[in-house]
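Since the structure is predicted, the reported quantities are computational estimates derived from the model, not experimental observations.
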Amino acid sequence: MQLPISDCSSLRPFRPSDQGDLAKGMNDWQVARWLASAPHPYRLDHARAYLARPEHAACETGMRDPDTRLSLAVCIDDRLVGGISLVPTTRRPGCREFGFWLSRPVWGRRIMPAAVQAIIDGVVKRAPRTEFVASANHDNQRSIRLIRSLGFEADGEDEIFSMPLQRHVAVNCFYLPRRRAFRH
């Protein structure tokens, strides 16, 4: 499965060969500090363990089944520059929550909004009743702008444990109204 984002960027399943790019991108403190569950420093053994997880083997199922985790590599010219996950959430039962990261050298190129929208489109095509949520550290204005630019609306606040920061952090929560899930 490969979803085009633009002329040179796409989404595809992660591969074992992505481990070096994954470790390099996730080990950047300016990336890691905004993530909830990634260890820091992020080493090759972390990348190998992540790539061995089952959600990387069942991408088509992950697009259709709301109870399945989905993880896709964000690529430029088929080289890993980020990742997106879509997981069942307990905060809003029945919804799927986005998580994402992007390597700092490609920040500002509008890759991630296009990637998230491609997943929304792909999931809604396969499972039209799917609803989406997202959250971002309350200080992460870059992610908050991205989430809002896709039509997500404010849905309160929560607190999560941040592995990189080793403390609880406040997060802004967002919900995508069904009327906005379709671009067409």
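Using a 4.5 Å cut-off on side-chain heavy atoms (C-beta onward), L51 and R48 make no contact. By the 4.5 Å heavy-atom criterion applied to side chains, L150 and Q117 are counted as neighbours. Counting only heavy atoms from C-beta outward, the side chains of F132 and V123 approach each other to under 4.5 Å. Counting only heavy atoms from C-beta outward, the side chains of Q166 and F161 approach each other to under 4.5 Å. Counting only heavy atoms from C-beta outward, the side chains of K24 and S103 never approach each other to under 4.5 Å. R142 has its side chain out of reach of W34: every pair of non-hydrogen atoms, C-beta onward, lies at least 4.5 Å apart.
How far CG of N172 is from CZ of F152: 14.0 Å, rounded to the nearest 0.5 Å. Separation of atoms CZ (R33) and CG (D28) is listed at 10.5 Å; rounding is to 0.5 Å. For the atom pair CG of D155 and CG of L176, the computed distance is 11.0 Å after rounding to the nearest 0.5 Å. With rounding to the nearest 0.5 angstrom, the CZ atom of R109 is 9.0 Å from the CG atom of L102. We find the CG-CD1 distance between L11 and I119 to be 5.0 Å, quoted to the nearest 0.5 Å. A distance of 9.0 Å separates CD1 of I84 from CG of L70, quoted to the nearest 0.5 Å.
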- Message: side-chain contact (heavy atoms from CB on, under 4.5 Å), that's the test. Do E157 and V171 meet it? Break it down for me.
- Response: CA-CA 6 Å; E157 296 179 358; V171 293; over 6 Å; no
- Task: Go through the steps to decide whether V116 and M112 satisfy the test side-chain contact (heavy atoms from CB on, under 4.5 Å), and finish with yes or no.
- Result: CA-CA 6 Å; V116 172; M112 194 54 73; 4.1 Å; yes
- Item | Stepwise side-chain hydrogen bond (donor to acceptor under 3.5 Å, both in side chains) check, Y50 with Q19 | CA-CA 9 Å; Y50 177 74; Q19 66 183 348; over 6 Å; no
- Task: Apply side-chain contact (heavy atoms from CB on, under 4.5 Å) to the pair V74 and F100, showing each step before the final yes or no.
- Result: CA-CA 9 Å; V74 177; F100 50 84; over 6 Å; no
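I76 and L72 fall within a single hydrophobic cluster, where Ile, Leu, Val, Met, Phe, Trp and Tyr are joined by side-chain heavy atoms under 4.5 Å apart, directly or via other members. The hydrophobic clustering, which links ILVMFWY residues whose side-chain heavy atoms are closer than 4.5 Å, places W29 and W107 apart. Linking Ile, Leu, Val, Met, Phe, Trp and Tyr residues whenever their side-chain heavy atoms come within less than 4.5 Å places V106 and F14 in a single cluster.
R79 has no carboxylate O lying under 4.0 Å from a charged side-chain N of D77, or vice versa, which leaves the two without a salt bridge. Using a 4.0 Å cut-off between charged side-chain N and carboxylate O, D21 and R15 make no salt bridge.
Formation of a donor-acceptor pair under 3.5 Å by the R53 side chain with backbone atoms of A49 is not found in this model. Remark: side-chain polar atoms of R126 are not paired, donor with acceptor, to backbone N or O of G62 under 3.5 angstrom. R96 places no side-chain N or O within 3.5 Å of a backbone atom of T130 that could act as its donor or acceptor partner. Remark: side-chain polar atoms of H168 are not paired, donor with acceptor, to backbone N or O of E159 under 3.5 angstrom.
S85 and S71 get closest at one heavy-atom pair: CB-OG, 3.9 Å. Summarising the geometry of S143 relative to A136, their closest heavy-atom pair is CB-CB, 3.9 Å, with the distance given to 0.1 Å. L80 and A73 get closest at one heavy-atom pair: CD1-CB, 3.4 Å. Between C95 and Y175 the shortest heavy-atom distance is SG-CE1, 4.1 Å. The two atoms that bring M163 and S37 nearest to each other are SD-O, 3.2 Å, heavy atoms only. Summarising the geometry of V81 relative to W101, their closest heavy-atom pair is O-CZ3, 3.9 Å, with the distance given to 0.1 Å.
With E97 as the fixed residue, the salt bridge (charged side-chain N to carboxylate O under 4.0 Å, His left out) test singles out one of R69, R91, R92: R91. Screening V133, I147, I120, L146 for a side chain to side chain contact (heavy atoms under 4.5 Å, CB included) with F98, the sole residue that qualifies is I120.
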